[in-house]
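Source: prediction; values computed, not measured.
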Amino acid sequence: MKYSGRQGFNRVVIIGEDELKEGRFTLRNMETGEQADLSREELFAHLTEEYREDTGGNGKESVSPAGKESNVTGGQAEVVLPEQAGPAVKTHYCGVLDQNFVGRKVKLSGWVGKRRDHGGLIFIDLRDRSGLMQLVFDQRMGSEMFRQAESLRSEFVISVEGEVVRRSEETINPSLTTGEIELKVENMEILNPSKTPPFYIEDGVNVDDNLRLRYRYLDLRRPEMLKRMQLRHRAVKLIRDFLDHYEFLEIETPMLTRSTPEGARDFLVPSRQHSGSFYALPQSPQLFKQLLMVSGIERYFQVVRCFRDEDLRADRQPEFTQVDIETSFISTEQLFAITEGLMAALWREFHGIELKRPFLRMPYYQAMDRFGSDKPDLRYGMELVELNDLARKSEFKVFLSTLESGGSVKGLRVSGGVDHLSRKDLDDLTLLARQLGAGGLAWAYVEEEGWRSPISKFFTSSLVEEINLKMEASAGDVLLFMADKWETACEVLGHLRTRLAPEKVSEEPHFMWVIDFPLFHYNEEEQRYDSDHHPFTAPKDEDAHLLDSDPLSVRAQAYDLVLNGVEIGGGSTRIHNREEQSRIFSLLGLSEEESKEKFGFLLDALTYGAPPHGGIALGLDRLVALLSGDDSIREVIPFPKTAAASCLMTGAPAGVSEEQLEELGIEIKKSSEKE
RNA sequence: GGAGCUGUGGUGUAGUUGGUUAACAUAUCGGCCUGUCAAGCCGAAGAUCGCGGGUUCGAGUCCCGUCAGCUCCGCCA
């Protein structure tokens, strides 16, 4: 079986029954006759290595979109078309032509960028998705065409024919990849004129988001946006190829499904045929992928849109894309290894770096205790310091009473904080801490002689020494203290930690797994337990005996993948036993009847030989944004929604006609409260 | 649901303690121009300062409300 299909491959893998059984394969180079005997893993490593070489991505060249000039169809300039498909509208991409094409006649099509009209000579920057090419219109080449050329304006769509010529030495533009050549235009057709665009179609523009989103199709014309789309495409392709190599099947699951009580608010879709009933758009294909495991798929994945009707953030959209993965008969460690391999492949391809594996694993409790976050940014230190024992020796009532009631006193050191944290800044931080739920915030400027601080009078000089020592503080630092319930102290200081993070942090990606999440948290509003992950997550075996006596201390077989303070994925081992699943439902306050009504199909499925299974979902938008270095996932989503979940281009969401509502049996309640 | 920031010609910005014709760059339109690449030179047009109300002799500027965008909290894996 040949695995070729792409030019440049010349090796053959010999696969037969024996090979499959034994997991050893022979790789033969058809040119040299060389043979190598490889294990499955070695073979795979070999193939991905060669694949990268063959596609020209040798790590150094394949960098983030900002660095890579062009990547159209593997880098060749010819437009790829089926043979004999009729006369060409376009034969080459402009941005990929170079000296090798000098003397060739080509036909280029694209958009008019900058225009430099010298009277008898006009220069046009022609832009297509690959880049720019300078067109030269000479009055002497023909007055009819020249008259047309004079009428060209920004964003006109044109098609030109001519000869690629070398520029004279002094007119070479070194800042352009095609700067050594230009096209002497012999023929031009204006395919479509354009109104003056509402903003400049160029990189680095500082335009109002309203405009960018309203004219997103123009925004996407900007080279940096095209590069983001290209990066996204390449990342998804790599992910598909990678998972395919590991024998995952991509299977689609329904978009119209039923609302389930857990988790986020659902987007609902009214049913016309069942008046008064609703579909829900999936928050994730969670149940379907588990059922696919019961179906015996064993390894499933899907690049899938998910929907959650909650308020938005820079890294949250109402619809977003997950790389959804579910496996049977695979240990958590093995799933970690596959996921890490996928991350390594992505970072190798797009940043040319080799990730250190395995990634760090840190229990949830430790992440909270040391960094005040379940997605800690490990690119810098600033760990929280536990000060209970030392705080007990002070005279400070806030500390003492907190400790008395079982709370914690924790500290955070801001190195060199004296220089950039004024009294006002500290007041602001105190205010912020209160807004985040803390009682207050104590602070101290560390000086040679001791602390300058409103609370220094409660601390003896030797205690100050001890605390300084424990927090590794020296003169010039600022210390922040918080006394509160352990969770609150950690969370709030964790917030301050990210707020006060150093400007310059390590460039290296700091991947980690946060593991051992609690299975439940207590929902104060609803007065009951809620799943921390989702209700199908299995408890850790060694904690299962605590389910009835102390549910909050039961840890889950759940994990998050975190990179530089961003959660890029999460998953768990699922419950595959019907009784255990029912038990969890009842702990969550679902009656037997309710759970049968809502999840009966799952409970049934679990009784028909459900294999042990588990999986993970990766946030594709966040992943791509991290790869491209963008702070907001909006940049890597072609048509994103605003923070208020509306689409400025289409005007969605919008009202519908009375007839439509009538058909659906829906009546809109007049929002008359205000009137 | 809450907090903060932003909103001035097409675009990006300036606009003083409230004061007279709201400034600059760029784009647009017209003219000149054969080696530019942020082309250049000359000229023209273009803004009820997001919207509504209030204070004032007078509001881009102060106050209240409102809309939109962004960021964060709540919410959400």
**Request:** Sequence neighbours left out, what passes salt bridge (charged side-chain N to carboxylate O under 4.0 Å, His left out) with R497(A)? Give chain and number order.
**Result:** none

**Request:** Could you tell me whether T171(A) contacts a base, only the sugar-phosphate backbone, or nothing, with contacts defined as non-hydrogen atoms closer than 4.0 Å?
**Result:** base

**Asked** Between U34(B) atom C1' and I122(A) atom CD1, what is the distance in whole Å?
**Response** 11 Å

**Item:** salt bridge (charged side-chain N to carboxylate O under 4.0 Å, His left out) partners of K410(A), counting only residues at least two apart
**Value:** D369(A)

**Asked** Do E310(A) side-chain and G74(B) base share a donor-acceptor contact under 3.5 Å?
**Response** no

**Message:** Roughly how many Å apart are U66(B) and U6(B), using the C1' atom of each and rounding to a whole number?
**Reply:** 16 Å

**Prompt:** Taking only N and O in the side chain of Q134(A), is any of them less than 4.0 Å away from OP1 or OP2 of U36(B)?
**Reply:** no

**Prompt:** Is there a donor in the side chain of D324(A) and an acceptor in the side chain of Y300(A), or the other way round, less than 3.5 Å apart?
**Reply:** yes

**Request:** Report the distance from atom CG of L563(A) to atom CD1 of I568(A), rounding to the nearest 0.5 Å.
**Result:** 5.0 Å

**Message:** Under 4.0 Å, counting only non-hydrogen atoms across every strand here, what does H534(A) touch: a base, just sugar-phosphate, or nothing?
**Reply:** nothing

**Asked** Rounded to whole angstrom units, what separation is found between the CD1 atom of I124(A) and the P atom of U34(B)?
**Response** 16 Å

**Request:** Figure out the NZ/P separation between K184(A) and G35(B), and round it to whole Å.
**Result:** 16 Å

**Message:** Among residues at least two apart in sequence or on other chains, which ones pass salt bridge (charged side-chain N to carboxylate O under 4.0 Å, His left out) with D532(A)?
**Reply:** none

**Asked** Does R153(A) make a side-chain N or O approach to OP1 or OP2 of C29(B) shorter than 4.0 Å?
**Response** yes

**Message:** Please report the distance separating the P of A25(B) from the corresponding atom of A59(B), rounded so that it comes out in whole Å.
**Reply:** 29 Å

Set out, line by line, the N/O atom pairs under 3.5 Å between protein and nucleotides 38-46 of chain B.
| from | atom 1 | to | atom 2 | distance (Å) |
| --- | --- | --- | --- | --- |
| A39(B) | N6 | D117(A) | O | 2.5 |

**Asked** Across the strands shown, which category fits D209(A) at heavy-atom distances under 4.0 angstrom: base, sugar-phosphate, nothing?
**Response** sugar-phosphate

**Prompt:** Rounded to the nearest Å, what distance is computed from the CD atom of residue E170(A) to the C1' atom of nucleotide G35(B)?
**Reply:** 8 Å

**Prompt:** Which one, C72(B), G35(B), A77(B), comes nearest to the side chain of A314(A)?
**Reply:** C72(B)

**Asked** If you look only at pairs with a residue in residues 426-437 of chain A, which of them pass as a side-chain hydrogen bond (donor to acceptor under 3.5 Å, both in side chains), with sequence neighbours excluded?
**Response** K424(A)-D428(A)

**Message:** Return the CD to CG distance between Q134(A) and L126(A), rounded to the nearest 0.5 Å.
**Reply:** 11.0 Å

**Message:** Students often get this wrong, so: under 4.0 angstrom with heavy atoms, is A644(A) touching a base, only sugar-phosphate, or nothing?
**Reply:** sugar-phosphate

**Item:** Q317(A) versus D621(A), side-chain donor and acceptor atoms under 3.5 Å
**Value:** no

**Item:** Near-strand residues of residues 361-374 of chain A, defined as heavy-atom separation under 4.0 angstrom from RNA chain B
**Value:** D374(A)

**Selected nucleotide, minimal atom distance to Y200(A) side chain, candidates U71(B), C37(B), U26(B)** = U26(B)

**Fill in**
Between R499(A) and S168(A), the residue closer to the 5' end of RNA chain B by nearest nucleotide is S168(A)

**Prompt:** What's the CG-P distance between L431(A) and G4(B), to the nearest Å?
**Reply:** 11 Å

**Request:** Applying side-chain hydrogen bond (donor to acceptor under 3.5 Å, both in side chains), run through Q302(A) and T253(A) and close with a yes or a no.
**Result:** CA-CA 8 Å; Q302(A) 187 178 191; T253(A) 51; 3.0 Å; yes

**Item:** Under the side chain to side chain contact (heavy atoms under 4.5 Å, CB included) test, residues paired with L132(A) that sit two or more places apart
**Value:** D125(A), R127(A), L176(A)

**Asked** When all nucleic acid strands are considered with a 4.0 Å heavy-atom cut-off, which category describes G179(A): base, sugar-phosphate, or nothing?
**Response** nothing

**Prompt:** Rounded to the nearest 0.5 Å, what separation is found between the OH atom of Y380(A) and the CG atom of N564(A)?
**Reply:** 10.0 Å

**Base C75(B) to side chain R316(A), donor-acceptor N/O within 3.5 Å cut-off** = yes

**Asked** Per the atom types in the model, does the base of G7(B) pair as donor or acceptor with the side chain of N210(A) at under 3.5 Å?
**Response** no

**Asked** Looking across every strand, which nucleic acid part, if any, lies under 4.0 Å from E182(A) by heavy atom: base, sugar-phosphate, or nothing?
**Response** base

**Item:** Any T642(A) side-chain nitrogen or oxygen under 4.0 Å from OP1 or OP2 of G69(B)
**Value:** yes

**Atom P, compared across G43(B) and G60(B): separation rounded to whole Å** = 31 Å

**Message:** What is the distance, to the nearest angstrom, from the OH atom on Y559(A) to the C1' atom on A77(B)?
**Reply:** 13 Å

**Prompt:** Between S572(A) and A77(B), does any side-chain N or O lie under 4.0 Å from OP1 or OP2?
**Reply:** no

**Message:** Rounded to whole Å, please give me the gap between CZ in F137(A) and C1' in C33(B).
**Reply:** 18 Å

**Request:** For C62(B) and A44(B), measure between their P atoms and round to the nearest Å.
**Result:** 34 Å

**Message:** If stacking means aromatic ring centre less than 5.5 angstrom from the base's six-membered ring centre, planes under 30°, is F123(A) stacked on U36(B)?
**Reply:** yes

**Message:** Please classify the nucleic acid contact of D208(A) as base, sugar-phosphate, or nothing, using heavy-atom distances under 4.0 Å.
**Reply:** sugar-phosphate

**Asked** Which is true for R634(A) with a 4.0 Å heavy-atom rule: it touches a base, it touches only sugar-phosphate, or it touches nothing?
**Response** sugar-phosphate

**Request:** Check whether any side-chain nitrogen or oxygen of N206(A) sits under 4.0 Å from OP1 or OP2 of U11(B), and answer yes or no.
**Result:** no

**Message:** When you measure only distances, ignoring hydrogens and angles, does the side chain of R140(A) come within 3.5 Å of the base of U34(B) through a donor and an acceptor?
**Reply:** yes

**Prompt:** Using a cut-off of 4.0 Å on non-hydrogen atoms, how would the nucleic acid contact of R265(A) be classed: base, sugar-phosphate, or nothing?
**Reply:** sugar-phosphate

**Asked** Does R167(A) or D560(A) map to a spot on RNA chain B nearer the 5' end, using the closest nucleotide for each?
**Response** R167(A)

**Prompt:** Rounded to the nearest Å, what distance is computed from the CG atom of residue L135(A) to the C1' atom of nucleotide C37(B)?
**Reply:** 12 Å

**Complete:** Which of A77(B), C70(B), G1(B) is nearest the side chain of R308(A)? It is A77(B)

**Asked** Donor-acceptor pair under 3.5 Å: do we get one between R313(A)'s side chain and the base of G74(B)?
**Response** yes

**Message:** Would you measure the distance from the P atom in U17(B) across to the matching atom in G10(B) and give it in whole Å?
**Reply:** 28 Å

**Set of residues satisfying side chain to side chain contact (heavy atoms under 4.5 Å, CB included) with respect to I190(A), sequence neighbours excluded** = Q148(A), S151(A), L152(A), F156(A), I158(A), M188(A)

**Request:** Please work out if F199(A) contacts a base, only the sugar-phosphate, or nothing of the nucleic acid, heavy-atom cut-off 4.0 Å.
**Result:** nothing

**Request:** Just jot down the side-chain hydrogen bond (donor to acceptor under 3.5 Å, both in side chains) partners of D128(A), sequence neighbours excluded, or say none.
**Result:** K90(A), S130(A)

**Item:** Proximal nucleotide (of A68(B), G12(B), U28(B)) relative to the L648(A) side chain
**Value:** A68(B)

